[in-house]
Amino acid sequence: MPADGALAPRDGRPAESRGQRPPDSGTEGGAGRAETVEYAVDVARVSKAFGGVQALKDVTLRVAPGTIHALVGENGAGKSTLMNVLAGILRKDSGSVRIFGDEVTFGKPQESQRAGIAIIHQELALAQDLSVAENMFLGNLGQGGLFVNWRALNRRAGEALRQFGFDIAPTTRVGDLSVAYQQIVEITTALVLHDCRILIMDEPSAVLADPEIDVLFANLKQLRDQGVTIIYISHRLEELFRIADAITVFKDGQTVTDLDPKTCTEDDIIANMVGRRMGALFPPKPDPGATSDVVLRVDHLTRGRVLHDVSLTLHRGEILGLAGLVGSGRSELARCIFGIDRVDSGTIEIDGVARRIGRPAHAMRFGIGLVPEDRKRQGGILPMTISENLTLTNLREVSRFGLCNAAAERRVAERSKDSLRIRLGALCDPLSSLSGGNQQKVVVAKWLNAAGTVLILDEPTRGVDVGAKMELYAIVADLARQGYGILVISSEMMELIGLCHRVYVMSEGEITGELSGGDICEETIMRLSIPKRRKH
Amino acid sequence: MPGLKMKSSALLRLALSQSTLVFFVVMLIAAYFLSDRFFTPDNVTNILRQSVPLGVVSIGLLYVILTGGIDLSVGSVMALVSVVVALTLPDLGLTGAIIVSLAVGTCAGLVSGSLVAYFGIAPFIATLAIMTIARGVALIVSRGQPIFVDNDTFMSFGSSSFLGVPSLFLVLIGVTLLAALLYRQTVFGRLVIAVGSNEVATRFAGINIPTIKVAVYALSGFTCAIAGIISATRTGVGSPILAIGFELDAIAAVVVGGASLAGGRGTVINTLIGALILSIISNLMNLMDIPGYHQQVVKGVIIVLAVLMESAKRRLIDR
Ligand SMILES: Nc1ncnc2c1ncn2[C@@H]1O[C@H](COP(=O)(O)OP(=O)(O)OP(=O)(O)O)[C@@H](O)[C@H]1O
Ligand SMILES: [Mg+2]
């Protein structure tokens, strides 16, 4: 069998051809039915408990076909849990779910897939050691045949990625890609390669920078216009007004209200999520103070092709932002400063002393902390308990002569839990039992527990709800006031603008500009972050 | 009705979480019915004595396995140590010989650990090399001959009892308690689990991974040394061909005890029970006059059963 033909039954342009498929204009009986059903997804009185935690209580959710329906709510409100029920990953305890009018109870993910539901998880689920193309076709590498035609496989994967507007070589090992690119691989896989009528996206934009989000939105809208129903979860409320046709707010395991993005405001959403009106998102910027001590100076740092002649200074009490696109070298810079990656040339000075930082343990000794970008792989240890995770960075405080001190440990853990309002069952539950946003809070809190002089936050508010964001910003401002130098890497420009004294913009491994005070604005950051010589 | 269901599921959960213990008890009950000689005082004492080297070595090995590594050198290091202790007893006396022996075992572990941690050699390969080297050195220093122990105090310890319990078994209990303390109460124990659960995140938390890795291999070497000394007191010889293939028994004991070879999961107590289970199986089959070749097959089947049970249990708990 010529695998080539088998590989590309839809001519490599599957998204367009999907337009000719049901539900909106099917050829079989499905068509008539699709027109008569009111809802693509109709969830009625669904409940789900994990041990003692009631994650969903009589949830009702109605999603009209061919719309983009946004779900919002605080961390741990139950959004992911409901989506996992729809995806057949979790079993509901009670209630009913109808998909295009048909009552369903999914026992496993395959059944949900067969019903046309695809889910992109909050936590990425790719095989790190396989290539992009292999991951995309993982379920069906042979494409029905016995042997794998790598050329055709790679070509088809490449076409799919390009169609989505991304330039990733299909032969790249997935583990070598950054989180953002890994997610792009997942999205492409679900969108283009599986025939889905209902696409669930759990916080897809959390790992993307603004230009990439534009591409994502353009594609989502195109899919919607072709009749795909999309359920979209996000904590970045401002983007809902660009993309959502309807918004449902979750609170404490229940759906509290449906809002129309055409008429409501961001404050309305927040008020419904949190149960009260909130003040300003950002705290007043702390006064950088009279001291102009440099706590961190990076001089002419170069590493391979990812960092080129990077220099920056960070002062005591200063909040410094690093803006740029995904892949511009921001995380790589953080990794070099933290001793994870080697540098080829250049120096790093901490408190005025040049240091050779060979590994994170050294960096920590010199007072540097890093909240890494990838929570699951680098940030938290999922099977270990929440308190063990929280205290991993300052074991000295919770131990004596190498023996753990349970009381001290509980004290530190409680303190973190309260200061970031981490929503959890018990401190001795595994980290994996927390919702995504709460896991992120644990990872951030872990580093707040380690004393130091420099704190690097790489996408600290990824997947964190507004309330917690506000708390986190307040804590960052507070740390700055205490004399920390803080380096914030963020793809959310508003975050950098609202939080930072100064912002460096990076592009293609170089610093392309330095902004401070009133100069920090979206247009300038955008202009500086666009690569000059775009490879493609 | 739902209350009843809750109760039975809670009971099931308890049984699942203690599956190694349940397996152990079931085995004891089975042993009672399979052989009337099993629960005689002599036989029980015998089992307790026999299980000591395996128990001690498995507990050291557990630490290596918890970090996601493996130590194949355990049997060879035991043999080397048994030879060393027998050779040095006449000159160095009891204390000196024991100290030197423990040092030799620990050093073997330090070398394995350094190869793994600092030179990035895969644990399987690094310890395979040490396994060969240690066996070779044991054969060289003993000139390929068993060395007879010539020290009455040393010999009498092997057969002595304290309050009716063989002294050797008390050593095993002591090792277990210390290892359990290390596992539960110390920073080191926690870091071992952390490394095995997510090495990247542990490194990102500023933990010095190489130190931990070297330490667990050294610990394994140390427990091998204890086991080597114990073998010498039991048999009265230091033998260069002692404990060939012992690494497989030890790995089996750890796995039967519910530990994951991927690292991060396993407990000291369950490993001890795993070692006891394996010792009892051997003993029982001897009592039942099952021929040696058959014994191997039965043992293999039981290991597979234990591991299947473990993975079935995971699936049930995770749902
Ligand atoms: N496997 C689990 N075991 C125990 N509790 C769980 C488990 N999964 C989720 N929970 C709990 O269920 C609740 C809802 O979690 P869920 O992941 O649905 O929240 P979410 O709305 O998606 O939050 P986020 O915005 O942080 O992703 C939380 O309190 C969480 O701790
Ligand atoms: Mg979630």
Side-chain angles (χ1 to χ4, degrees), chain A residues 50-51 89-91 128 175 334-335 338-340 358-385 387-396 398-406 409 430-432 443 446-447 449-450 452 458, chain B residues 2 5-6 9-10 12-14 16-17 66-68 117-118 120 178-215 219 258-260 262-267 314-319:
Chain A
F50 297 100
I89 296 161
L90 294 172
R91 258 178 240 253
Q128 300 289 323
R335 291 168 66 98
F338 197 58
I340 296 159
R359 57 169 78 115
H362 297 164
M364 205 175 153
R365 204 174 314 139
F366 302 138
I368 307 179
L370 168 72
V371 174
E373 61 173 334
D374 184 343
R375 158 174 76 227
K376 197 175 174 188
R377 277 193 295 159
Q378 308 165 341
I381 302 179
L382 292 176
M384 293 184 78
T385 70
S387 63
E388 282 169 346
N389 270 283
L390 283 170
T391 54
L392 195 60
T393 46
N394 66 340
L395 287 165
R396 223 164 263 145
V398 300
S399 67
R400 228 174 189 206
F401 311 120
L403 291 176
C404 299
N405 177 342
E409 187 167 345
L431 183 63
S432 57
V443 175
K446 170 169 104 174
W447 277 105
N449 284 334
D458 196 349
Chain B
K5 224 170 115 194
M6 280 282 272
S9 87
L12 183 71
R13 253 164 207 282
L14 186 70
L16 283 176
S17 67
L66 280 173
T67 63
Y118 295 108
L178 281 179
L181 183 79
L182 196 65
Y183 178 91
R184 287 164 159 273
Q185 304 288 338
T186 68
V187 170
F188 173 72
R190 174 164 312 174
L191 293 181
V192 167
I193 311 280
V195 171
S197 304
N198 186 343
E199 188 172 327
V200 175
T202 310
R203 187 159 53 98
F204 273 57
I207 307 295
N208 212 340
I209 309 278
T211 321
I212 310 277
K213 287 198 172 169
V214 171
L219 188 69
S260 152
R265 214 177 59 225
T267 67
R314 289 280 132 210
R315 238 171 297 147
L316 268 171
I317 288 181
D318 286 348
R319 252 263 132 171

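Numbers restart at 1 for each chain; the letters A, B, ... are given by sequence-line order, proteins then strands.
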Minimum-distance pair of heavy atoms, taken over all atoms of A:Cys404 and B:Arg190: SG-NH2, 3.9 Å
When the 4.5 angstrom heavy-atom criterion is applied to A:Arg400 and chain B, the contacting part is neither
Heavy atoms of A:Met384 and B:Ala194 approach each other most closely as SD-CA, 3.5 Å
Measuring from B:Phe204:CZ to A:Ile340:CD1, what's the distance to the nearest 0.5 Å? 3.5 Å
For A:Ser432, is it the side chain, the backbone, both, or neither that has a heavy atom closer than 4.5 Å to a heavy atom of chain B? neither
Choice from A:Val443, A:Ile368, A:Ile381 maximising heavy atom contacts with chain B below 4.5 Å: A:Ile381
Residue A:Phe338 versus chain B: region with a heavy atom under 4.5 Å: side chain
Give the member of A:Gly369, A:Gly380, A:Ala406, A:Ala450 that has the highest number of heavy-atom pairs under 4.5 Å with chain B. A:Gly380
Counting only heavy atoms closer than 4.5 Å, note whether B:Leu191 contacts chain A via side chain, backbone, both or neither. side chain
Can you name the nearest heavy-atom pair linking B:Ile207 to A:Ala361, along with the distance? C-CB, 4.4 Å
Gap separating the CE atom of A:Met364 from the CG atom of B:Asn208, nearest 0.5 angstrom: 11.0 Å
If you measure from CG on A:Leu403 to CZ on B:Arg184, what distance do you get to the nearest 0.5 Å? 14.0 Å
Shortest non-hydrogen contact between A:Lys446 and B:Ala205, atoms and distance: NZ-CB, 4.1 Å
As an exercise, state the distance from CG of B:Asn198 to CG of A:Leu382, rounded to the nearest 0.5 Å. 7.5 Å
